[in-house]
Amino acid sequence: MKIIYNKIFPIGKRYFAINLFGFLFAKGPCNTIIINHEKIHTRQMQEMGFLVFYIIYIFEWLWKLILYRNSYKAYENISFEREAYHNQNNLNYLSNRKFYSWLKYLRK
């Protein structure tokens, strides 16, 4: 995963880094937790295909936005994000992760 540092992207004060097609855009130096979080997203993208990942991601965010009426809460509850946040501190997670593990975070 290539890391690209810049001061503008991702947009918003709450967001420090964003993974787009396996490229990590960050506003500053990333620690191992952030990198592991984004590597989990890269694995999700690889197993589904990038386009399918983003279609599901956006659809799920829109659905959660309707449910929670709060864009950040909707973001936090996307199954992809839930898997990544739940496992970001486990630096060995990707070596043991099963395919489509994000699916178990859809119902929680």
Side-chain angles (χ1 to χ4, degrees):
M1 177 171 54
K2 180 161 176 59
I3 302 174
I4 301 166
Y5 297 104
N6 69 91
K7 301 282 184 199
I8 300 168
F9 194 69
I11 298 169
K13 292 181 180 181
R14 289 186 174 175
Y15 305 103
F16 179 77
I18 188 169
N19 185 337
L20 295 175
F21 302 98
F23 292 93
L24 179 60
F25 293 87
K27 292 181 180 174
C30 297
N31 62 32
T32 56
I33 304 302
I34 292 170
I35 291 171
N36 195 47
H37 178 101
E38 299 304 335
K39 282 182 178 180
I40 293 169
H41 287 318
T42 299
R43 182 70 58 86
Q44 294 164 340
M45 291 176 208
Q46 289 171 337
E47 71 189 7
M48 302 176 69
F50 291 101
L51 187 58
V52 174
F53 171 84
Y54 287 112
I55 289 169
I56 294 172
Y57 192 104
I58 291 168
F59 177 78
E60 191 174 349
W61 180 79
L62 289 170
W63 175 248
K64 302 288 170 111
L65 185 60
I66 292 167
L67 289 176
Y68 296 112
R69 293 187 171 93
N70 178 298
S71 63
Y72 191 73
K73 190 161 178 121
Y75 155 77
E76 287 181 315
N77 283 284
I78 296 169
S79 57
F80 301 118
E81 293 299 339
R82 294 181 73 182
E83 178 189 11
Y85 278 115
H86 187 259
N87 297 290
Q88 67 185 7
N89 293 314
N90 179 357
L91 301 181
N92 295 316
Y93 176 69
L94 288 173
S95 61
N96 301 316
R97 181 183 179 271
K98 295 179 178 156
F99 285 111
Y100 295 95
S101 290
W102 61 272
L103 286 171
K104 67 182 174 185
Y105 293 90
L106 274 172
R107 295 184 184 205
K108 293 182 180 181

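Here the structure is a predicted model, which is why all the values come from computation and not from measurement.
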* Connected-component partners of I34 among ILVMFWY, side-chain separation under 4.5 Å -> F16
* Asked: Is there a path from I58 to I18 through hydrophobic residues (I, L, V, M, F, W, Y) whose side chains come within less than 4.5 Å of each other?
  -> yes
* Structure fact -> E81 meets the side-chain contact (heavy atoms from CB on, under 4.5 Å) criterion, sequence neighbours left out, with H37, H41, Y57, Y75, I78, Y85
* side-chain hydrogen bond (donor to acceptor under 3.5 Å, both in side chains) involving S101 - partner list, sequence neighbours excluded -> none
* Evaluation steps, side chain to side chain contact (heavy atoms under 4.5 Å, CB included), between Q46 and F53 -> CA-CA 9 Å; Q46 289 171 337; F53 171 84; over 6 Å; no
* Asked: For I33, which residues count as a side-chain contact (heavy atoms from CB on, under 4.5 Å) partner, sequence neighbours excluded?
  -> N31, Q88, N89
* For F21, all residues meeting ring pair (Phe, Tyr, Trp, His ring centres under 6.0 Å), sequence neighbours excluded -> F50, Y54
* Flag yes if M45 and W102 sit in one hydrophobic cluster, no otherwise; membership is Ile, Leu, Val, Met, Phe, Trp, Tyr, and two members link when side-chain heavy atoms are under 4.5 Å apart. => yes
* Going by the salt bridge (Lys or Arg N to Asp or Glu O under 4.0 Å) test, which pairs reach into residues 16-45, not counting sequence neighbours? -> none
* To do: May I ask you to list the residues sharing a hydrophobic cluster with I35, side-chain cutoff 4.5 Å, ordered by chain and number?
  => M1, I3, Y5, L24
* Pairwise salt bridge (Lys or Arg N to Asp or Glu O under 4.0 Å) hits with a residue in residues 84-100, at least two apart -> E47-R97, E83-R97
* Please name the pair of heavy atoms, one in N90 and one in N36, separated by the smallest distance, quoted to 0.1 Å. => O-ND2, 3.1 Å
* Asked: Should F9 and I4 count as side-chain neighbours, where that means a heavy-atom distance under 4.5 Å?
  -> no
* To do: For residues I56 and M48, report the shortest heavy-atom separation together with the two atoms involved.
  => CD1-CE, 3.2 Å
* **Test side-chain hydrogen bond (donor to acceptor under 3.5 Å, both in side chains) applied to N87 - qualifying residues, sequence neighbours left out** => Y105
* Asked: How is the hydrophobic cluster of I55 composed, in terms of its other members, when Ile, Leu, Val, Met, Phe, Trp and Tyr link through side-chain heavy atoms under 4.5 Å apart, directly or indirectly?
  -> L51
* Do F99 and V52 share a hydrophobic cluster, counting only Ile, Leu, Val, Met, Phe, Trp and Tyr and linking them when any side-chain heavy atoms are less than 4.5 Å apart? -> yes
* Can you sort out the partners of F59 under ring pair (Phe, Tyr, Trp, His ring centres under 6.0 Å), two or more places apart, ordered by chain and number? => none
* Heavy atoms from other residues, nucleotides or ligands near OH of Y72 exceed 12 (cutoff 6.0 Å) -> yes
* Set of side-chain contact (heavy atoms from CB on, under 4.5 Å) partners for A74, sequence neighbours left out -> W61, K64, L65
* To do: State plainly whether one hydrophobic cluster holds both I8 and F25, where clusters connect Ile, Leu, Val, Met, Phe, Trp and Tyr through side-chain heavy atoms under 4.5 angstrom apart.
  => no
